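Sequential numbering from 1 along the given sequence is applied to the chain's residues. All values reported here derive from a predicted model rather than from experimental measurement.
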Amino acid sequence: MRAPAVILLLSSGCSDGASDSGCPGDTPPAITALQCANSGVQRDPDSGADLPTFTLTAAASDPDGDLGQYTASVVFDDVLDGTLDNAVSLGEINGGVGGCDETAVTFQTTIVLRGGPPLYATTYEWGVAITDANGIQGAPGVVTCTTPDAQGQGGSR
């Protein structure tokens with residue numbers, strides 16, 4: 001069995017994730033935009049090989065301002081039905097800038113394809129959910145994207 005895809009964080013992060021923030025707030029964050037793009041062939045930091053990649057970008061808002069720290073959860077689902085019922089997790093990434101007055105964030109991650117899963121040149125539903133500094137997770141945003149082929153061509157651009 002081949003190794004699963006690796007998520008690389010391309011935004012600032014914080015070490016303690018979404019917990020014990022001291023920020024007021026009890027509303028969940030909402031994904032306001034989610035898109036994917038083929039980001040070509042890039043060097044895999046683990047193997048040193050040049051591998052195809054694509055990037056997910058999500059924008060989220062939370063009116064109570066507790067997005068100074070957040071955790072982004074990334075999943076994919078091979079059943080194209082508008083839900084994430086069969087989703088496979090690629091993990092969670094902590095991010096943020098600190099403070100209690102952040103009402104909007106943009107999260108971006110590049111996924112290195114190592115042959116599967118996720119597979120090359122395959123259409124999946126991708127989901128990103130944001131958990132705010134108070135540990136409240138919003139509903140995931142869902143976007144349908146096709147991964148690039150083994151040469152980094154095609155896919156969603």
Would a 4.5 Å heavy-atom cut-off, applied to side chains only, mark [X] and [Y] as touching?
X	Y	value
Leu90	Ile111	yes
Pro52	Gln42	no
Gln137	Ile130	no
Arg114	Asp46	yes
Pro148	Gln153	no
Ile93	Thr109	yes
Val128	Phe107	yes

To check you understand the geometry: which heavy-atom pair defines the closest contact between [X] and [Y], and what is its length?
X	Y	answer
Val79	Asp77	N-OD1, 2.9 Å
Tyr70	Gly96	CE2-N, 3.4 Å
Arg43	Gly48	CD-O, 2.8 Å
Pro118	Leu113	CG-CD2, 3.7 Å
Cys23	Gly99	SG-O, 3.6 Å
Pro117	Phe76	CB-CZ, 3.9 Å

Original post:
Under the side chain to side chain donor-acceptor pair (under 3.5 Å) test, which residues partner Asp101, sequence neighbours left out?
Top reply: none
**OP:** Could you tell me which residues satisfy side chain to side chain donor-acceptor pair (under 3.5 Å) with Asn86, sequence neighbours excluded, listed by chain and number?
**Re:** none
Just distance, no hydrogens or angles: give the donor-acceptor pairs under 3.5 Å from side chains in residues 140-147, sequence neighbours left out.
| from | atom 1 | to | atom 2 | distance (Å) |
| --- | --- | --- | --- | --- |
| Thr146 | OG1 | Thr123 | OG1 | 2.6 |
| Thr147 | OG1 | Leu119 | O | 2.6 |
| Thr147 | OG1 | Ala121 | N | 3.0 |
| Thr147 | OG1 | Thr122 | N | 3.0 |
| Thr147 | OG1 | Thr122 | O | 3.3 |

Original post:
For the atom pair OG1 (Thr71) and CD (Glu92), what is the distance rounded to the nearest 0.5 Å?
Top reply: 6.0 Å
**OP:** Test Leu67 against every option in Val105, Val97, Thr103 by the side chain to side chain contact (heavy atoms under 4.5 Å, CB included) rule and name the one that passes.
**Re:** Val105
Subject >> Results of salt bridge (charged side-chain N to carboxylate O under 4.0 Å, His left out) for Asp78 - residues two or more places apart only >> reply: none
**OP:** Dump the intermediate steps for side-chain hydrogen bond (donor to acceptor under 3.5 Å, both in side chains) on Ser39 and Thr55, then the final yes or no.
**Re:** CA-CA 6 Å; Ser39 41; Thr55 300; 3.0 Å; yes
Original post:
Would Thr106 and Thr57 satisfy side chain to side chain contact (heavy atoms under 4.5 Å, CB included), going step by step from the backbone distance to the final call?
Top reply: CA-CA 7 Å; Thr106 299; Thr57 304; 3.8 Å; yes
Can you check whether [Y]'s main-chain N or O pairs, donor with acceptor, with [X]'s side chain at less than 3.5 Å?
X	Y	answer
Asn38	Gly152	yes
Glu125	Gly82	yes
Asn134	Ile136	no

**OP:** Group every Ile, Leu, Val, Met, Phe, Trp and Tyr by side-chain heavy-atom contacts under 4.5 Å, then state whether Val88 and Val74 land in the same group.
**Re:** yes
Tell me which donor-acceptor pairs under 3.5 Å the side chains of residues 24-36 have, and how far apart each pair is, sequence neighbours excluded?
| from | atom 1 | to | atom 2 | distance (Å) |
| --- | --- | --- | --- | --- |
| Thr27 | OG1 | Asp62 | OD1 | 2.6 |
| Thr27 | OG1 | Asp64 | OD2 | 2.8 |
| Thr32 | OG1 | Ala59 | O | 3.2 |

**OP:** If a pair satisfies ring pair (Phe, Tyr, Trp, His ring centres under 6.0 Å) and one of its residues is in residues 43-62, list it, with sequence neighbours excluded.
**Re:** Phe54-Trp126
